[in-house]
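As a basis for the values below, the full set of heavy atoms in this structure was taken, side chains included, without hydrogen atoms, waters or symmetry mates. Throughout, protein chains are lettered first and strands after them, A, B, ... in sequence-line order, and every chain is numbered starting at 1. Since we're looking at a predicted model, the values are computed, not measured.
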Amino acid sequence: MSDFNADLPLSARAMAARPAPYLDGLNPEQRRAVEALDGPVLMLAGAGTGKTRALTARIAHLLSSGRAWPSQILAVTFTNKAAREMKLRVGGYLGDAVEGMAWLGTFHAISAKLLRRHAELVGLKSSFTILDSDDQLRLLKQLIQAENIDDKRWPARLLASIIDQWKNRGWRPDQVPASEASAFNNRGTEFYAAYQARLQSLNACDFGDLLLHCITIFQAHADILESWRKRFRYILVDEYQDTNTAQYLWLRLLADGHKNICCVGDDDQSIYGWRGAEVGNILRFERDFPGATVVRLEQNYRSTPHILAAASQVIAGNEDRLGKTLWTEAQTGEKVRLIGHWDGEEEARWIGEEIEDLHRGTRGLDPFALNQMAILVRASHQMRAFEDRFLTIGLPYRVIGGPRFYERMEIRDAMTYFRLAVSPADDLAFERVVNTPRRGLGDKAQQTIQGYARKAGVPLVQGAALALQDGAIKGKGAAALRELLDGIARWHRAAGGTVPAGAADDLIEVIAPEGGRAAQSHIELAEQILEESGYTEMWQNDKTPEAPGRLDNLKELIKALESFENLAGFLEHVALVMDNDSDGSDDKVSIMTLHGAKGLEFPVVFLPGWEDGLFPSQRSMDESGPKGLEEERRLAYVGITRAEQLCTISFAANRRVYGQWQAQMPSRFVDELPAAHVEVLTPPGLYGGAGMGHSSVEARATRADAYNSPGWRRFQAAQSRPVSQPIAARNMVIEGSAQAVFVAGVRVFHQKFGYGRVAEVEGDKLFIEFEKSGPRHIVAKFVVPADQADDVPF
DNA sequence: AAGGCGATGTTTTTT
DNA sequence: ACATCGCCTT
């Protein structure tokens, strides 16, 4: 301990007077990553190599060495969960000083904070609202319908995803390249511009805008950028492999001054390419930041050597990677187990019994708690078989990643009312709840209101007031609308002190000049809003089985308000922090997707459904070709490396796919597992494994030497080849020729959808009317001209 | 304004 | 197979 102090840089020596507990127990690489404070640093952290540890130690080091104040460190994560975790861990080293880390958060939360300060530079007020995807979709749909476009063929969903992708790439409407001009029936950019204009008039922005507006501001206002560069003296980025282009630009802008940026990530765990993540960002880091210090964390503290070997072998099949070699000091442990089943139900049955055995503690292994075990699936529909089975045998389980609390209908409705109370001029909010509960204000009444609002150029609430004055809405609807408007005005006044003063006050006078005041606390106000609006009552009168649960959720929502000072603060939080992590403390088996499992670890992991088409997913390969396959392989890598002690991979010979039974081929990833580290098990009733009569692990999962032989593996390899090979071959044949060949009217062939005719060409995508399966958008390289279909090897 | 019916699409998910 | 959605009927 005493002699290393002499070698440390000045800052650290100054610190040596105090102990530096955060350096204790770091391995040499971690230590290097912690101590290389200045200039660009890339920390390539393999699975289970203590990345968070190094990252938090680095923050602690920056602070205790006096390089930066807490408020001068920008620490960016992707999820709120990761941000919380980091805050917690840094707090462990620093105590209360973490509270000063005002800029530790997600890209979006930090961007929102920045944007509130400079909103006017992009035509927004600092009180702008952040739209959720419901609002976004509703808005786009209006735009599409206003143009009299068939929203069947050109759905708002498609437009939303196109615009999202563009925003992910950092393109504002005027920056969308010409190559995208054909998107959305040649009108994509036009709609994008219209959408942005509409957002601006609503004083709103979507998630993509949070980043994009920041970029716009930074690019246009050197002085502002400069001041933020000065403030953020050190930048840390977690999960850098998941950044998209917009996030990359955002980071570059902030880091390009001092270049004190430390990016942490693992190219082998990049599994979000489909939503815009660019692995290229991490692969390119050294070129982007010349002279960067690159640290590889390769010592794994999580898994047994067999598990690591299996994971390493699988991921070695990828071309596009920086390359790391995980190693561990651990000597012993179970091999990765591989087992085939007759069908998906049997797979679920077997895993259920296996879990019970492991829980009980058979076979000389210590018993595992249920919450030490997890089942990781490729697609959520696989979960069903497990849920069914576990319900019948009474095995407690928890599904992680289902619909989230704040996405439930009743929660969104309730929050929409809160939104109206805070900003009565929020047209999207008004639209959403004007007839929820039913107030007799159907399409016709709503159109009347729209008409009045548009004609007078005022928000919908005011349009509604005008329509009432004019007597344009009659009867029951009129009375109910009057009541709603009075309510909104009353709630707004009650929320008064907490709302940025000004704008809405005149509006309130217009819609309800003689309203009273009401509740004191925002919690009382919230309850009152739900009561007076009739929303609670609506669910009380609802006879469907889910109604009681929804009422419970509403109570929970009210409870959640307690930790906020006012409604506006709460809404901001919810817009950005839409998570619902169960605490994991009760003893249940976890069922989740491979994506959901990233960043987690479990002593015992089951990886079912390793079948070609399911995993790797056919769609991924169809849509993204070899790149897609590589991403699937990374997913396999993520799955295996979640396991600490026991990892069991399985596949079924038959599986029901969309109601049809299908014969399944074992995944090509099964062939990529290293035989020396895998133990092949035989299920009961097959290959002589049956008849032992017990449900012990020995009896059900016999060591099946006959099937552990090279011959068995070769047999498997031979079987899966006819499936996997032609797909790759096909792509090679077709690529290159694709762009030139297709024009509207050409008859084409697609391996899955059969024959069809090209209706439209949109860049590299074709809109094809398939003879059997109807119209579809298809990437051109996956179809061949019909007259060449026979040349395609099968 | 509610309920029924046929068409439709079915990987992964955050903010 | 199955759930969801939009439209259509009552």
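Summarising the geometry, the separation between CZ on A:R138 and C1' on C:dC5 is reported as 16 Å, rounded to the nearest angstrom. Summarising the geometry, the separation between CZ on A:R157 and P on C:dT4 is reported as 13 Å, rounded to the nearest angstrom. Atom CG in A:D150 sits about 13 Å away from atom P in C:dG6, given to the nearest Å. Protein atom CD of A:E239 is 15 Å distant from nucleotide atom C1' of B:dT15, rounded to whole Å. In this structure, A:Y406 places its OH atom 13 Å from P of B:dT15, rounding to the nearest Å. Between A:F405 atom CZ and B:dT14 atom P there is a gap of 16 Å when expressed in whole angstrom units. For the pair A:E345 CD and C:dA1 C1', the computed distance is 12 Å after rounding to whole Å. If you take CE of A:M383 and C1' of C:dA3, they are 17 Å apart, rounded to a whole angstrom.
Taking the P atoms as reference points, C:dA3 lies 15 Å from B:dT12, given to the whole Å. B:dT11 and C:dT4 have their P atoms separated by 15 Å, with the value rounded to a whole Å.
Distances shown here put every side-chain N or O of A:N80 at or beyond 4.0 Å from the OP1 or OP2 atom of B:dT14. The side chain of A:K113 contributes no N or O atom lying less than 4.0 Å from OP1 or OP2 of B:dT15.
Residue contacts for A:G440: at a heavy-atom cut-off of 4.0 Å it reaches the sugar-phosphate backbone alone, with no base atom in range. Within 4.0 Å (heavy atoms only), A:K141 reaches sugar-phosphate atoms of the nucleic acid but no base atom.
For A:N281 and A:T243, the side-chain atoms include at least one donor-acceptor pair closer than 3.5 Å. If you check the side chains of A:E347 and A:H341, you find no donor sitting under 3.5 Å from an acceptor. The closest side-chain donor-acceptor pair between A:E147 and A:Q145, if any, does not fall under 3.5 angstrom. For the residue pair A:R633 / A:Y637, no side-chain donor-acceptor distance below 3.5 Å is found, with atom types taken as modelled.
Under the ring-ring contact (aromatic ring centres under 6.0 Å, His included) rule, A:H108 has a single partner from A:W250, A:F78, A:F207, which is A:F207.
A salt bridge links A:E572 with A:R116: the distance from a Lys NZ or Arg NE/NH1/NH2 to an Asp or Glu carboxylate oxygen falls below 4.0 Å. Under 4.0 Å is where a charged nitrogen must lie from a carboxylate oxygen, and between A:R384 and A:E387 no such pair does. One finds no salt bridge joining A:E632 and A:R619 here, because no Lys/Arg side-chain nitrogen approaches an Asp/Glu carboxylate oxygen to under 4.0 Å.
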Please enumerate all protein N or O atoms sitting under 3.5 Å from an N or O of nucleotides 4-6 of chain B, with distances to 0.1 Å.
none

Protein and nucleotides 11-13 of chain B: nitrogen or oxygen contacts under 3.5 angstrom:
residue: B:dT11; atom: OP1; partner: A:R619; partner atom: NH1; Å: 2.1
residue: B:dT11; atom: OP2; partner: A:Y658; partner atom: OH; Å: 2.6
residue: B:dT11; atom: O2; partner: A:R378; partner atom: NH1; Å: 2.9
residue: B:dT11; atom: O2; partner: A:R378; partner atom: NH2; Å: 2.1
residue: B:dT12; atom: OP1; partner: A:S380; partner atom: N; Å: 2.7
residue: B:dT12; atom: OP1; partner: A:S380; partner atom: OG; Å: 2.1
residue: B:dT12; atom: O4'; partner: A:R378; partner atom: NH1; Å: 3.2
residue: B:dT12; atom: O2; partner: A:W274; partner atom: NE1; Å: 3.3
residue: B:dT12; atom: O2; partner: A:R378; partner atom: NH2; Å: 3.1
residue: B:dT13; atom: OP1; partner: A:T593; partner atom: OG1; Å: 2.7
residue: B:dT13; atom: O4'; partner: A:R275; partner atom: NH1; Å: 3.3

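The closest side-chain heavy-atom distance from A:R419 to A:D135 is below 4.5 Å.
Two residues, A:A109 and A:L441, neighbour DNA chain B, and the one matched to the more 5' nucleotide by heavy-atom proximity is A:L441. The nearest heavy atom of DNA chain B to A:R439 and to A:G208 marks one nucleotide each, and the one closer to the 5' end goes with A:R439.
The aromatic ring centres of A:Y272 and A:W274 sit less than 6.0 Å apart.
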